[in-house]
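What you are looking at is a predicted structure, and each value in this text was computed from that prediction instead of being measured. Whatever order the structure lists ligands and atoms in, that order sets their numbers, starting from 1.
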Amino acid sequence: MNLTANQAVEVLRAAGEPSRLRILALLAREELAVLELCRVLDQSQPRVSRHLKLLAEAGLVERFPDGAWVFYRLTRAGAADALITELLSRIDPADPVLHRDAERLQAVWSERADAAGEYFARNAARWDEIRSLYVSDADVEDAIRQAAGPGPFRRLVDLGSGTGRMLTLLGPHAEAALGLDLSQQMLNLARNRVTEAGLAGCELRHGDIFATRLPDASADLVVVHQVLHYLADPAVAVREAARIVAPGGKLIIADFAPHRLEFLREQHQHRRLGFPEPEMARWLADAGLSDLRVTSLPPADKAGLTVKIWTAERGRAHQRSAA
Ligand SMILES: C[S@@+](CC[C@H](N)C(=O)[O-])C[C@H]1O[C@@H](n2cnc3c(N)ncnc32)[C@H](O)[C@@H]1O
């Protein structure tokens with residue numbers, strides 16, 4: 001549906017201010033927290049929040065709180081979105097202000113990636129212990145086994161494989177298995193673990209979940225276990241994971257339900273405090289997967305977290321539609 005002339009004026013008025021245009025250009029790249037926008041724009045939080053409020057009122061951005069942080073993303077529907085997309089596409093990508101913003105955003109991510117990398121390197125040896133502080137390992141493992149089904153699997157891919165727990169759990173039912181992780185320390189531990197488990201067909205590779213370089217539709221089981229909450233853009237990681245799922249294959253994502261343990265951000269590098277069901281359902285559907293099933297595993301005690309397991313499949317009838 002088209003906009004009325006008045007609505008078009010409102011949209012253009014909201015976008016027609018230098019800082020707000022920069023915010024729109026940044027959010028066109030990925031969802032961002034207010035504090036991240038403040039750093040890139042080099043403006044105070046009240047100022048950036050005022051701009052965001054105006055953009056939200058004009059329906060150009062959506063706000064979603066996550067613990068004590070508030071994230072924003074572009075509203076991806078309707079004629080206003082089409083107008084903004086067109087507007088942004090007409091701006092020279094080499095424009096010095098937008099280019100500098102993109103560089104600053106990159107610097108913010110590099111800093112975060114370094115801190116997360118350092119955290120995983122430091123905690124690799126203690127990882128199994130840290131994980132079991134908040135969730136019951138045995139219950140999660142049972143639920144993952146059930147979600148995966150009995151196999152056999154032709155090719156299992158574990159993205160963000162850490163110390164290799166998913167590989168030792170599901171690898172015995174796979175002809176070939178691959179674990180991909182950014183941390184060399186984690187990869188080393190995983191290598192020892194899969195060797196001890198006698199998993200000869202299991203390979204461990206250094207790689208990034210955002211760009212796995214694995215071929216389309218190359219795995220019949222893809223697992224992303226407790227990785228998404230660390231990531232800058234979890235929706236992009238879900239899309240990349242879904243891309244490699246073969247027709248008839250499955251993607252299993254295990255992560256937390258929304259929670260309020262803010263210290264996990266400060267002390268354990270979490271970026272998102274869990275994921276609401278509708279958000280994950282939308283990402284999976286947008287990535288071309290269907291038959292979504294969700295299992296909820298409540299914590300064993302009050303200090304724990306609810307773990308969710310999302311399982312979705314790629315239909316056999318049609319080939320991949322998400323690019
Ligand atoms: C919390 S650990 C989970 C490991 C394992 N899946 C498990 O459940 O035990 C998260 C892992 O994700 C990895 N990781 C973080 N960002 C990544 C990225 N962009 N690409 C690949 N791995 C990543 C970390 O190095 C770490 O090993």
Side-chain angles (χ1 to χ4, degrees), residues 30 106 108-145 147-148 156-171 177-194 197 202-214 219 221-244 251-256 259 261 264-265 267-275 297 305 307-310:
E30 59 209 357
Q106 191 49 50
V108 169
W109 287 145
S110 303
E111 232 174 71
R112 252 200 69 80
D114 289 351
E118 197 267 326
Y119 168 82
F120 287 118
R122 194 162 21 91
N123 289 300
R126 282 186 59 222
W127 176 248
D128 294 344
E129 183 197 328
I130 291 176
R131 184 186 51 223
S132 57
L133 286 178
Y134 306 104
V135 295
S136 151
D137 272 353
D139 291 353
V140 174
E141 285 181 7
D142 278 351
I144 298 258
R145 257 194 237 106
L156 158 70
V157 173
D158 182 14
L159 298 174
S161 48
T163 51
R165 170 176 171 235
M166 290 297 115
L167 293 169
T168 49
L169 184 72
L170 300 168
L178 170 70
L180 206 82
D181 204 286
L182 265 188
S183 158
Q184 292 292 2
Q185 286 78 1
M186 288 287 194
L187 286 165
N188 289 342
L189 288 166
R191 276 191 197 102
N192 293 345
R193 208 184 221 195
V194 301
C202 183
E203 186 192 349
L204 282 143
R205 234 187 255 171
H206 183 255
D208 191 341
I209 195 169
F210 290 116
T212 63
R213 302 211 222 138
L214 298 174
L221 182 59
V222 178
V223 181
V224 183
H225 182 262
Q226 300 295 6
V227 180
L228 292 186
H229 57 256
Y230 295 103
L231 301 180
D233 202 340
V236 172
V238 170
R239 204 159 61 220
E240 177 66 357
R243 183 184 67 72
I244 59 180
L251 170 61
I252 300 178
I253 293 177
D255 218 292
F256 297 121
H259 63 85
L261 301 188
L264 290 176
R265 269 193 180 122
Q267 295 171 25
H268 294 279
Q269 294 297 324
H270 289 209
R271 180 167 187 268
R272 292 286 308 270
L273 298 187
F275 297 96
L297 300 167
L305 294 170
V307 174
K308 294 262 184 191
I309 296 169
W310 288 268

Ligand-side contact atoms (ligand 1) for residue partner [X], heavy atom cut-off under 4.0 Å:
{"X": "Tyr230", "answer": "1 (C), 10 (C)"}
{"X": "Ser183", "answer": "25 (O)"}
{"X": "Val227", "answer": "12 (O)"}

Once you restrict to heavy atoms under 4.0 Å, what part of Leu231 touches ligand 1? Side chain, backbone, both or neither.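 Side chain only.
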Heavy-atom pairs closer than 4.0 Å: do any link ligand 1 to the side chain of Ser161, the backbone, both, or neither?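 The backbone, only.
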Is the closest side-chain heavy-atom distance between Leu264 and His259 below 4.5 Å?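 Touching, per the 4.5 Å side-chain cut-off.
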With respect to atom 13 (C) of ligand 1, which of Asp181, Leu189, Val223 exhibits the smallest heavy-atom separation?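 Selected option, by shortest heavy-atom distance: Asp181.
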Pick, from Ala237, Gly160, Gly207, Ala232, the option with the minimum heavy-atom distance to atom 4 (C) of ligand 1.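 Selected option, by shortest heavy-atom distance: Gly160.
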Please indicate whether any nitrogen or oxygen in [X] is less than 3.5 Å from any nitrogen or oxygen in ligand 1.
{"X": "Ile209", "answer": "yes"}
{"X": "Asp208", "answer": "yes"}
{"X": "His225", "answer": "yes"}

How close do [X] and [Y] get, counting heavy atoms only, and between which atoms?
{"X": "Gly179", "Y": "Leu167", "value": "CA-CD1, 3.8 Å"}
{"X": "Phe210", "Y": "Asp233", "value": "CE2-O, 3.2 Å"}
{"X": "Ala148", "Y": "Leu170", "value": "CB-CD2, 3.9 Å"}

For Asp255, is there an ion pair with Arg272 - N to carboxylate O distance below 4.0 angstrom?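 Answer for the salt bridge query: no.
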Results of salt bridge (Lys or Arg N to Asp or Glu O under 4.0 Å) for Arg213 - residues two or more places apart only: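 With neighbours one apart ignored, the set is empty.
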For Arg112, all residues meeting salt bridge (Lys or Arg N to Asp or Glu O under 4.0 Å), sequence neighbours excluded: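 Salt bridge (Lys or Arg N to Asp or Glu O under 4.0 Å) list for Arg112, sorted by chain: empty.
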Between Tyr119 and His268, is the ring centre distance below 6.0 Å?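 They qualify: ring centres under 6.0 Å apart.
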Are any of the heavy atoms in Val224 under 4.0 Å away from ligand 1?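 No; Val224 lies far enough from ligand 1 that no heavy-atom distance drops under 4.0 Å.
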Say whether Gln226 and ligand 1 are in contact under the criterion: heavy-atom distance to a ligand atom below 4.0 Å.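 Yes; Gln226 lies near enough to ligand 1 that a heavy-atom distance drops under 4.0 Å.
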